[in-house]
Amino acid sequence: MPELPEVESFGKYLDKTSLNKKIESVDVKSPELLQNIDISALKGNLEGNKFQFTKRHGKYLFVYLDNKNCLILHFGMTGNLKYYKKSEEEPSYGRFLVNFEDKSHLAFVDPRKFGKINLISKMEDFIKEKKLGPDAARMDFKSFIDIFKKRKGAIKPALMNQHIFAGIGNIYSDEILFQTCVHPKTPVNKLSDDKLKEIFMVTKEVLETAIDRNLKHEELPDSYIIPNRVKNGKCPNSDVKLETLKVGGRTAYFCPECQKEIL
DNA sequence: CGTGGCTCCTGGCGGC
DNA sequence: TGCCGCCAGGAGCCAC
């Protein structure tokens, strides 16, 4: 699930449910998710304090505490947040539970345990340490063009590379390439300036649309490839059967008619 | 620099 | 039904 638009939604969900409540206790059920901190230090930072506000960078959610430190959540492939009021509603695969004084709870749910939890005092330090590029929803055209003009490899892995721009993953990169009629293996240096500009514009638009629809719990537009990104799925424009390819180790779905390979 | 392969972990699905 | 292999919206590491 969690690429940039989903993480944006998780942030809004946390804002809506869990800010300014005193944290009574914390249950770390899967300590292996903790990266730069141990259980007691995490408890020491959270217990007795409150979540104040959230920020997002790429696929990371930064949850600021009133002690100025910041809890950092990464959702891996299957991470999610679940707020609930009664302990019998505790979800399966809750790896990390925050128990508030008002007896409600926020669970970090993650069946596959690819999620990661960090605690740090400065968001900027973390971004630097992880070498994350600018957030894809906030990138500007000039930096986009400067970076992509120098690239040589395939476009899809470049879009997914968190060191270039952060937030785009396998699913949304497929959408961006579908909307711009670009084959996922196209080398970046074979794309015209106009095409690069189009990719930039469409990236912004796709991310904004997905964020908007996520928040409203609405489906993506019918013209999108994502809802058709299933076995035997068809191109929403032509009814042609979608094909798959391994690109950068991930499965790309694309329309062989709309997205011709440039050789 | 860029790519491909492997790893972490768990559940769901299709095939035999 | 049971078992097996494969796949899954992430990302770090290593070898070429």
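Residue numbers begin at 1 in each chain, while the letters A, B, ... track the order of the sequences. Remember, it's a predicted structure, so these values are computed and weren't measured experimentally. Keep in mind that the numbers below use all heavy atoms, side chains included, and drop hydrogens, waters and symmetry copies.
The side-chain contact (heavy atoms from CB on, under 4.5 Å) check on A:E32 picks up A:S30, A:K113, with sequence neighbours excluded. Under the ring-ring contact (aromatic ring centres under 6.0 Å, His included) criterion, A:H57 pairs with no residue at all, not counting sequence neighbours. Not a single salt bridge (Lys or Arg N to Asp or Glu O under 4.0 Å) links A:K131 to another residue, sequence neighbours left out. Residues satisfying the side-chain contact (heavy atoms from CB on, under 4.5 Å) test with A:S192, not counting sequence neighbours, are A:D194, A:K195.
Neither OP1 nor OP2 of C:dG10 sits under 4.0 Å from any side-chain N or O of A:H74. Taking only side-chain nitrogens and oxygens, A:K116 never comes nearer than 4.0 Å to OP1 or OP2 of C:dG10.
With both ends at atom P, the span from B:dG5 to C:dC6 equals 15 Å, rounded to whole Å.
Going from atom NZ of A:K22 over to atom CD of A:E47 covers 11.0 Å, rounded to the nearest 0.5 Å.
Here B:dG4 presents its C1' atom at 11 Å from NZ of A:K185, a figure rounded to the nearest Å. Residue A:N170 contributes atom CG, which lies 11 Å from atom P of C:dA11 at whole-angstrom precision. Across the protein-nucleic acid pair, A:I117 atom CD1 and C:dA11 atom P stand 16 Å apart, rounded to whole Å. One can place CG of A:L4 at 13 Å from C1' of C:dG9, the figure rounded to the nearest angstrom. In this structure, OH of A:Y172 is placed 15 Å from C1' of C:dG10, rounded to the nearest angstrom. Across the protein-nucleic acid pair, A:D110 atom CG and C:dA8 atom P stand 18 Å apart, rounded to whole Å. Rounded to a whole Å, the CZ atom of A:F126 is 11 Å from the P atom of C:dA11. Between the C1' atom of B:dG2 and the NZ atom of A:K190 lies a distance of 16 Å, rounded to the nearest Å.
What you find for A:S104 and A:K21 is that their closest heavy atoms are OG-NZ, 3.6 Å. Shortest non-hydrogen contact noted between A:G79 and A:D110 is N-OD1, 3.6 Å. Residues A:L42 and A:L71 come closest through the heavy atom pair CD1-CD1, 3.8 Å.
In the hydrophobic clustering of ILVMFWY residues, with side-chain heavy atoms under 4.5 Å counting as a link, A:L34 and A:V63 come out together.
Scanning residues 211-232 of chain A for heavy-atom distances under 4.0 Å to DNA chain C yields A:R229. In the region residues 127-164 of chain A, proximity to DNA chain C at under 4.0 angstrom, judged on heavy atoms, holds for A:Q162.
In this structure, A:Q162 contributes its side chain and A:M160 its backbone to a donor-acceptor pair below 3.5 Å. Between the A:R95 side chain and the A:P111 main chain, a donor and an acceptor come within less than 3.5 Å of each other.
Of the candidates A:D174, A:V188, A:L177, A:L159 forms a side chain to side chain contact (heavy atoms under 4.5 Å, CB included) with just one, namely A:L177.
Between the side chain of A:E3 and the base of C:dG10 there is no donor-acceptor pair of N/O atoms closer than 3.5 Å.
Connectivity analysis of hydrophobic side chains (ILVMFWY, heavy atoms under 4.5 Å, direct or indirect) links A:I127 to A:F53, A:Y60, A:F62, A:Y64, A:I72, A:I120, A:M123, A:F126, A:L132. As a member of the Ile/Leu/Val/Met/Phe/Trp/Tyr network built from side-chain separations under 4.5 Å, A:Y93 groups with A:V109.
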Checklist outcome for this item: Heavy-atom contacts, protein to nucleotides 6-12 of chain B, under 4.0 Å, summarised as B (base), S (sugar-phosphate only) or - (none) per nt, yield --BBBS-
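The ring-ring contact (aromatic ring centres under 6.0 Å, His included) contacts involving residues 173-212 of chain A comprise A:F141-A:F200, A:F144-A:F200, A:H183-A:F254, where partners must be two or more places apart or lie in separate chains.
Heavy-atom contacts from other residues, nucleotides or ligands closer than 6.0 Å to CD of A:E124 number more than 12.
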Checklist entry - In dot-bracket, 5' to 3', how would DNA chain C read with Watson-Crick or G-U wobble pairs under 3.5 Å, [ ] for crossing ones and | for pairs to another strand? => result .|||||||.|||||||
List every contact pair, protein side and nucleotides 4-7 of chain C side both N or O, where the distance is under 3.5 Å.
none

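Checked against the 6.0 Å centroid threshold, A:F75 and A:F108 count as a close aromatic pair.
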